[in-house]
Amino acid sequence: MLIKEACLENYTLLSRAISCGANRIELCDNLSCGGTTVSKGVMAESLKYAHEKKVPVTVLIRPRGGDFVYNDAEIKIMESDIFTAQSLGADTIAIGALDSNGGLDFEAMENLAQAAFGMQLELHMAFDSLDFEEQKKAIDWAVSSGFDRILTHGGPLEVPIGETVPHLKELISYADHRIEILPGGGITFENCEQIAEELGVKSVHGTKIVNIMHD
């Protein structure tokens, strides 16, 4: 069965998304800026509801919009949010931090991953800001650091998913079953089955991955 991970803003559409077939949730806020971490209250209620429905939840850990280069205070904020997610029973956290040279910030990522002990780990779309050589380094590091998956559009979000499929195939080939490549961005309830089949993946991600607007 295809895992349809619905990226949801806040708590509002959670019940509708699950009833429409979302079988995994990524929980975030402020999608207009690419997503940030929800409040503790939203996190608690969302996890309680989703787990009652036997649906796992990924919590986005991101303190602000903008770039993914974070200072020490921001890393501490993210660590605190990870501890909160852990204490509330989140299944997975999605994290990503870059350095000022255009690569993954390995030190920051190691600190965040260590804070997430017991939860699954996902490298989020900060990955798409890297060039292919840096992406390959990031994949290798994520594998060696125990990450479960990498969320990627395969290119800039403004590029249609159909045009990024070739690069997604390159990433999947390089990962070589060592880690899951989770495609997202522009994948909807209308095209998800086709894209999953073309890429040979078992999970897809999107804000419109299920049709929550139908009557």
When rounded to the nearest 0.5 angstrom, what is the spacing between [atom1] in [X] and [atom2] in [Y]?
{"X": "Leu168", "Y": "Ile195", "atom1": "CG", "atom2": "CD1", "value": "8.5 Å"}
{"X": "Asp81", "Y": "Ser39", "atom1": "CG", "atom2": "OG", "value": "10.0 Å"}
{"X": "Leu199", "Y": "Ile181", "atom1": "CG", "atom2": "CD1", "value": "10.5 Å"}
{"X": "Leu8", "Y": "Ile25", "atom1": "CG", "atom2": "CD1", "value": "4.5 Å"}
{"X": "Ile212", "Y": "Cys20", "atom1": "CD1", "atom2": "SG", "value": "7.0 Å"}
{"X": "Leu123", "Y": "Ile150", "atom1": "CG", "atom2": "CD1", "value": "5.0 Å"}

Please enumerate all residues that pass side-chain contact (heavy atoms from CB on, under 4.5 Å) together with [X], with sequence neighbours excluded.
{"X": "Asn101", "value": "Asp99"}
{"X": "Lys202", "value": "none"}
{"X": "Ala50", "value": "Ile18, Val55, Val57"}
{"X": "Asn23", "value": "Met1, Ile3, Lys4"}

What's the shortest heavy-atom distance between [X] and [Y], and which atoms?
{"X": "Met109", "Y": "Ala97", "result": "SD-N, 3.4 Å"}
{"X": "Ala138", "Y": "Leu104", "result": "CB-CD2, 4.0 Å"}
{"X": "Leu31", "Y": "Cys7", "result": "CD2-SG, 3.8 Å"}
{"X": "Met43", "Y": "Thr37", "result": "CE-CG2, 4.1 Å"}
{"X": "Arg24", "Y": "Ser203", "result": "NH2-CB, 3.9 Å"}
{"X": "Cys192", "Y": "Val204", "result": "CB-CG2, 4.0 Å"}

Atom pairs and distances, donor-acceptor, side-chain atoms in residues 139-148, under 3.5 Å, two or more places apart:
unit_1	atom_1	unit_2	atom_2	d
Asp140	OD1	Tyr174	OH	3.1
Asp140	OD1	Arg178	NH1	3.1
Asp140	OD1	Arg178	NH2	3.2
Asp140	OD2	Tyr174	OH	2.7
Trp141	NE1	Ser145	OG	3.3
Ser144	OG	Asp140	O	3.4
Ser144	OG	Trp141	O	2.8
Ser145	OG	Trp141	O	2.9
Asp148	OD2	Leu121	N	2.9

Would one find more than 12 heavy atoms of other residues, nucleotides or ligands at under 6.0 Å from atom NZ of Lys136?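 It does: Lys136 NZ has more than 12 such atoms within range.
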
Is the count of non-hydrogen atoms from other residues, nucleotides or ligands lying under 6.0 Å from Glu110 atom CD greater than 12?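 For Glu110, atom CD is crowded (more than 12 foreign heavy atoms under 6.0 Å).
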
Is there side-chain contact between [X] and [Y], with heavy atoms separated by less than 4.5 Å?
{"X": "Glu122", "Y": "Glu180", "answer": "no"}
{"X": "Ile187", "Y": "Ile209", "answer": "yes"}
{"X": "Arg62", "Y": "Asn30", "answer": "no"}
{"X": "Leu112", "Y": "Ile93", "answer": "no"}

Taking [X] for its side chain and [Y] for its backbone only, find out whether a donor-acceptor pair lies under 3.5 Å.
{"X": "Thr152", "Y": "Pro183", "result": "no"}
{"X": "Asn191", "Y": "Thr188", "result": "yes"}
{"X": "Gln135", "Y": "Phe127", "result": "yes"}
{"X": "Asn10", "Y": "Thr12", "result": "no"}
{"X": "Glu26", "Y": "Leu60", "result": "no"}

Run the side-chain donor-acceptor check on residues 154-165: report pairs under 3.5 Å with partners two or more places apart or on a different chain.
unit_1	atom_1	unit_2	atom_2	d
Thr164	OG1	His153	O	2.7
Thr164	OG1	Ile161	O	3.1

Selection residues 61-97 - residue pairs positive for ring pair (Phe, Tyr, Trp, His ring centres under 6.0 Å), sequence neighbours left out: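 Every pair satisfying ring pair (Phe, Tyr, Trp, His ring centres under 6.0 Å) with a residue in residues 61-97: Phe68-His124.
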
Tell me whether [Y] is reachable from [X] by hopping between hydrophobic residues (I, L, V, M, F, W, Y) whose side-chain heavy atoms are closer than 4.5 Å.
{"X": "Met78", "Y": "Val42", "result": "yes"}
{"X": "Leu182", "Y": "Ile172", "result": "no"}
{"X": "Ile77", "Y": "Ile82", "result": "no"}
{"X": "Met125", "Y": "Val69", "result": "no"}
{"X": "Ile61", "Y": "Met119", "result": "yes"}

Does anything in residues 63-72 pair up under salt bridge (Lys or Arg N to Asp or Glu O under 4.0 Å), and if so which pairs, sequence neighbours excluded? Arg64-Asp67, Arg64-Glu74

Is any NZ, NE, NH1 or NH2 atom of the basic residue among Lys76 and Glu79 found under 4.0 Å from an Asp or Glu carboxylate oxygen of the other? no

Examine the side chains of Thr36 and Asp29 and answer whether a donor and an acceptor come within less than 3.5 Å of each other. no

Residues in side chain to side chain donor-acceptor pair (under 3.5 Å) contact with Thr58, at least two apart in sequence or another chain: Arg149

How would you list, by chain and number, every residue that makes a side chain to side chain donor-acceptor pair (under 3.5 Å) with Asp176, sequence neighbours excluded?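 Partners of Asp176 by the side chain to side chain donor-acceptor pair (under 3.5 Å) criterion come out as none, since no residue qualifies.
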
List the residues meeting ring-ring contact (aromatic ring centres under 6.0 Å, His included) with Phe132, not counting sequence neighbours, and say none if there are none.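 With neighbours one apart ignored, the set is His167.
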
Scan for side chain to side chain donor-acceptor pair (under 3.5 Å) pairs involving residues 43-56, sequence neighbours excluded, and state none if there are none.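 Counting only pairs at least two positions apart or across chains, the side chain to side chain donor-acceptor pair (under 3.5 Å) contacts touching residues 43-56 are His51-Asp91.
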
